[in-house]
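First listed ligand is number 1; within each ligand, the first listed atom is number 1. Please read all numbers here as calculations on a predicted model, not as lab measurements.
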Amino acid sequence: MAGRMIGPFELGDRLGVGGMGIVYRATYTKTGAPVAIKILSPDLSQAESLQKRFEREVAILKKLQHPHIVRYYGGGKLGTQRFYAMELVTGGSIEGYLKEHGQLPWKEVLDLALQIAQALEHSHAAGVIHRDLKPANLLRAKDGTLKLTDFGIARDTTATALTAAGRTVGTYSYMSPEQIRGKPPVDRRTDLYALGCVMFEMITGETPFRGDNAGEMLIMHLQEDPPRPSSLNPECPQVVEDLILKLLAKDPEDRFFDALAVQVAIEQIQEQLTKPVEPISPEAAKTAEANVPKKKKRKKSAKVPFYERAWFLASILVTILFLATIPFWPMSEDQLFARAEALMKSEEPTDWGDAYDKYLKPLQQKFPQGKHADQVQQYVDQVEMHQAERRARATAKTGRDPNSEAERLFLEADRYEKFGDRISALEKYESMVVLLKDREQDRAFVMLAKKRIQEIEAAGGDPVDRVQMVDQSLARADELVQQGKTIEARTIWNSIMTLYAGNQELEVQVRQARQRLSEKRSSSE
Ligand SMILES: Nc1ncnc2c1ncn2[C@@H]1O[C@H](COP(=O)(O)OP(=O)(O)OP(=O)(O)O)[C@@H](O)[C@H]1O
């Protein structure tokens, strides 16, 4: 095949063979850029179901643009042959690495898991569930960056366990209980289970369940507790182990809420485990020693009648056993609420995530009409708004397409607010509320919009007229130019152009901004 042309690509070496086709290294002849080309096997090109699957994979890849997802470049059909070009990733797969080295240090596992969770967050927000996350589908670029690939069965919600896994027995190793049973329906948390399996394998060198055959393995996913990772790799820290076991929960409800919650938990662990331990000074050690009550030493040597000691010990034992059973009692509404409240009072949004998963959602399920129901709802709203806003910020920061129309509208209004145009921001937030108020899935954004409206109104002051405000901004940009701060001035002109293009009221100002920008551009050339 090497040297053969397919469309504008010249084929090079074969990189590998997958369930649907062959992947080649290739060169885009127009620019000389290296790419990877996946070609649907000619003998499979006839099968309609495979053609559809190939097309679906292309359609999904087109939607996803993320630094940790293999980038789609373009594709086509030549005669009966279908192909598509994608980013070439040359650092090998995690599967290959594990085969060669056995396992990975836990710090690296956390780093990789964070990148996978980021890729999943993006894909889930676009409505795509991967469903086949495994080490073979995690490729590494030369600089070590991780790239998720192979969306061949993503979103194939009709596939049963067997059709989904039929291509390789290995896939059974990463299959969640709901994927095997078909209920509850597969959702974003299915990928989180697979992430748990992958993390388990990276840290211990073994998959969580190892049966003699596929059936045995599936039953283990359904019924057996996974071994503790530290029993296979004693270096695995307790908090990392807890995170992996939470991802591996049989019931999706017991896993993390979503891939964002996983990222937050990983970042928290990274911070916790890399904090230097404070050394104990000799003075502090001495003081601590001096503070130990002398009485204790004496008591040890005092003669206590044997029966007294036995009773004492027995009663302690009974108390310990009694206390040990407490975590297994179902918690009352008051107990759950007290724990939720304590976490919600924390300044740390990660604690809110914990409150949400562990106490607030269970409270809503078990005590929908309970005496704390209103306050619980308020807390749930607070967490959901925080998460929606965080996600929107990430979208804006990375320049990705918004994850939903609600997010797009919110970011638009936010841009006006940041620019200082409170009138337009208010208008945008208000229209968001009107447009989205009945859409349950956009509740968090509607609440956020309402909160912003209240804040803008509460800030008071005369809302500056829009035209006047933009005029002032133009004047400010001119001042900035005189002070040599061209970058700041450009930001203002750019904002005016993007925010008000097409607004008749501000036609003159937009033209002026464009003109200033082009003058600056030509003078700096
Ligand atoms: N973008 C890429 N850059 C470099 N190598 C790649 C790229 N995509 C795939 N490969 C290599 O080509 C091989 C085949 O990939 P492909 O995605 O077709 O199948 P697979 O994941 O092995 O199998 P299946 O589709 O059955 O799950 C893989 O082993 C992988 O190492």
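Heavy atoms of Val17 found under 4.0 angstrom from ligand 1 belong exclusively to the backbone. Residue Glu87 touches ligand 1 through its backbone alone, judged by heavy-atom distances below 4.0 Å.
Proximity to Ala36 (heavy-atom distance under 4.0 Å) selects the following atoms of ligand 1: 1 (N), 2 (C), 3 (N). The distance from ligand 1 to the heavy atoms of Gly16 drops below 4.0 Å at these ligand atoms: 12 (O), 13 (C), 14 (C). Close approach of ligand 1 to Asn137 is summarised as follows: ligand atoms under 4.0 Å from at least one heavy atom of the residue are 21 (O). Less than 4.0 angstrom separates some heavy atom of Met86 from each of these atoms of ligand 1: 1 (N), 8 (N). Every atom of ligand 1 is numbered from 1 in the order shown, and the set under 4.0 Å from a heavy atom of Leu15 is 4 (C), 5 (N).
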Using the rule given for side-chain contact (heavy atoms from CB on, under 4.5 Å), can you reason through Gln103 versus Met202, listing the C-alpha separation, both sets of side-chain angles and the distance that settles it, and then say yes or no? CA-CA 5 Å; Gln103 47 184 235; Met202 291 197 287; over 6 Å; no

Report the C-alpha distance between Lys147 and Leu138 in whole Å, list the side-chain angles of each, state the deciding distance to 0.1 Å, and finish with yes or no for side-chain contact (heavy atoms from CB on, under 4.5 Å). CA-CA 6 Å; Lys147 309 269 175 180; Leu138 297 166; over 6 Å; no

Walk me through whether Gln51 and Leu40 qualify under side-chain contact (heavy atoms from CB on, under 4.5 Å). CA-CA 8 Å; Gln51 284 186 26; Leu40 182 61; 4.3 Å; yes

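By the 3.5 Å distance cut-off applied to N or O atoms, Thr149 is not counted among the residues near ligand 1. Residue Val89 has at least one N or O atom closer than 3.5 Å to an N or O atom of ligand 1.
A salt bridge links Asp381 with Arg443: the closest approach of a Lys/Arg side-chain nitrogen to an acidic carboxylate oxygen falls below 4.0 angstrom. A salt bridge does not link Glu178 to Arg181: none of the charged nitrogens lies less than 4.0 Å from a carboxylate oxygen.
Between Tyr84 and Phe54, the ring planes lie tilted relative to each other; the angle falls in the 30° to 60° range. Aromatic ring orientation, Tyr28 versus Phe9: tilted (interplanar angle from 30° to 60°).
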